[in-house]
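Before any comments, here is the structure.
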Amino acid sequence: KALGIEPHQINSEVGSFGVPEFGTKFVRGMLMDTKPTTFEELIRISGLSHGTDVWLNNAQELINNGTVTLKEAICTRDDIMTYLIKKNLPSEDAFKIMENVRKGKGLKEEQEAMMREYNVPEWYIDSCKKIKYMFPKAHAVAYVTMAFRIAWFKVYHPLAYYAAFYSIRADEFDSEIMIYGKQRVKDKMKELESQGNNISQKDKSMYTILEIVLEMYERGFEFLPIDLYKSDSKKFKIEDGKIRPPLSSIPGLGEVAAISIRNGVEEEKGKFISIDEFQLKAKVGNSTIELLKKFGCLQGMSKSNQISLFG
């Protein structure tokens, strides 16, 4: 709701695409299962997502069947020690139990017996025995603080957020698919989904960016065309309430060629008269010229400076 769109528009109940810690399909599923409402609960989810056998086959089942709430589940290693101390176990024993559990060593018989003696519930003991690795709370706090700041920009300064995200992931951004409206984005997403488990890692990375691009379109934002004179070599720029993709987002162009073009444009300090002149100044080959033509970057430019006397 904070993004001003409905779940069906982005095929997700949560709008955390591109937010570190909370953007993966796995963690988005956790968000839907737990429905966090506080910062503290986000920290707990971070702990659950970084642990091994802490969420899957453990806390997830306990929460889904109503045995515990997110607030009661074991999420970070610190939770164990503080919980056991509250149950009046000696601090030293609470610490040793936490250390055993977070390293995946389970519980010793005498530790189990002590926990029962202090009325620790059976679900809690079973949960401790399943855990293979636990995340420290301080790490979770640091990660969630960073993620929360980025999420704030996504909600309140969306163009800055999207421009920064695409610039960071520029190597995987394909302008041929992504800058021409949401229908082309949706069609490509369906094509990739049809691959099922056979999808390559490269296509998985593209799908992640397509999710963000679709979300951006659904929020009412658009891309400007790639422009020989206005586009940066590798950074996405905000212009007139839209985003201008860089030259490097042209598939097959590459960062080195994009920088060379940008340098040539800056050296010219004006419009090129011809393609030949541009090619000479930018120091690019014929294949790069063809790519630029495909994206309309050389529109209105003649092939050479020569003027025909008989034209």
Side-chain angles (χ1 to χ4, degrees), residues 1-36 39 41-43 45-46 48-50 139-182 184-190 192-193 199-224 232 234-239 241-246 248-249 251:
K1 293 293 183 183
L3 300 181
I5 51 178
E6 297 296 327
H8 72 270
Q9 292 176 269
I10 55 173
N11 303 312
S12 175
E13 293 291 326
V14 293
S16 58
F17 298 120
V19 177
E21 301 301 300
F22 299 99
T24 64
K25 191 174 182 180
F26 174 62
V27 182
R28 293 202 311 266
M30 292 176 68
L31 291 171
M32 287 186 277
D33 282 343
T34 57
K35 296 179 173 57
F39 190 84
E41 287 179 334
L42 293 177
I43 292 167
I45 288 169
S46 179
L48 290 169
S49 67
H50 285 92
H139 285 197
V141 170
Y143 284 12
V144 173
T145 300
M146 172 192 66
F148 202 81
R149 285 173 178 153
I150 292 170
W152 185 88
F153 275 94
K154 183 175 183 178
V155 173
Y156 297 107
H157 294 277
L159 285 173
Y161 165 81
Y162 291 118
F165 181 89
Y166 300 143
S167 295
I168 292 165
R169 303 290 289 273
D171 291 348
E172 298 162 326
F173 191 97
D174 187 336
S175 282
E176 193 167 8
I177 297 163
M178 300 178 186
I179 71 172
Y180 295 111
K182 66 182 175 184
R184 192 177 290 197
V185 170
K186 285 181 175 180
D187 291 344
K188 186 63 179 180
M189 289 174 81
K190 282 180 184 174
L192 296 180
E193 286 163 8
I199 189 168
S200 67
Q201 190 55 51
K202 184 181 178 182
D203 283 344
K204 274 185 186 177
S205 296
M206 176 184 277
Y207 191 87
T208 299
I209 298 175
L210 287 167
E211 289 177 318
I212 306 279
V213 173
L214 176 60
E215 176 192 87
M216 187 195 87
Y217 277 126
E218 293 291 8
R219 293 180 74 185
F221 303 110
E222 297 175 1
F223 290 103
L224 288 165
D232 189 71
K234 56 183 181 178
K235 287 186 179 178
F236 287 73
K237 293 162 59 181
I238 301 169
E239 233 180 272
K242 297 180 182 181
I243 293 177
R244 177 88 66 186
S248 61
S249 68

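Worth saying up front: this structure is predicted, and the values here are computed from it rather than measured.
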Can you tell me how far [atom2] of [Y] sits from [atom1] of [X], rounded to the nearest 0.5 angstrom?
| X | Y | atom1 | atom2 | answer |
| --- | --- | --- | --- | --- |
| Lys237 | Arg244 | NZ | CZ | 7.5 Å |
| Ser249 | Glu176 | OG | CD | 11.0 Å |
| Glu193 | Lys186 | CD | NZ | 11.5 Å |
| Phe17 | Thr24 | CZ | OG1 | 11.0 Å |
| Glu21 | Ile43 | CD | CD1 | 11.5 Å |
| Ile177 | Leu210 | CD1 | CG | 6.5 Å |

side-chain hydrogen bond (donor to acceptor under 3.5 Å, both in side chains) partners for Gln9, two or more places apart: Glu218
Qualifying residues under side-chain hydrogen bond (donor to acceptor under 3.5 Å, both in side chains), relative to Glu6, sequence neighbours excluded: Lys1
For a quick test of reading the model, state the closest non-hydrogen atom pair linking [X] to [Y] and the distance between them.
| X | Y | answer |
| --- | --- | --- |
| Pro245 | Ile179 | CG-CG2, 3.7 Å |
| Met178 | Val213 | O-CG1, 3.6 Å |
| Ser175 | Pro251 | N-CD, 4.2 Å |
| Ala163 | Ile238 | CB-CG1, 4.1 Å |
| Tyr217 | Glu222 | CE2-CA, 4.3 Å |

For [X], check ring-ring contact (aromatic ring centres under 6.0 Å, His included) against everything at least two apart and list the hits.
| X | result |
| --- | --- |
| Phe221 | none |
| Phe173 | Tyr166, Phe223, Phe236 |
| Phe148 | Phe39 |
| Tyr143 | His50, Phe135 |

Any residue meeting salt bridge (Lys or Arg N to Asp or Glu O under 4.0 Å) with Arg219, in chain and number order, not counting sequence neighbours: none
Tyr161 side chain vs Ile150 backbone, donor-acceptor pair below 3.5 Å: no
Donor-acceptor contact present, side-chain Ser205 to main-chain Gln201, <3.5 Å: yes
Can you list everything that forms a side chain to side chain contact (heavy atoms under 4.5 Å, CB included) with [X]? Sequence neighbours excluded, please.
| X | value |
| --- | --- |
| Thr34 | Pro36, Ile45, Trp55, Ile63, Leu70 |
| Pro7 | Glu13 |
| Val14 | Ser12, Ser16, Arg28, Leu31, Met32 |
| Asp203 | Leu192, Gln195, Ile199, Ser200 |

Pairwise side-chain contact, [X] with [Y], heavy-atom cut-off 4.5 Å (strictly under):
| X | Y | value |
| --- | --- | --- |
| Ile212 | Arg169 | no |
| Val155 | Leu3 | yes |
| Glu211 | Ile10 | no |
| Met206 | Lys202 | no |

Pairwise side-chain hydrogen bond (donor to acceptor under 3.5 Å, both in side chains) hits with a residue in residues 145-158, at least two apart: Lys154-Glu215
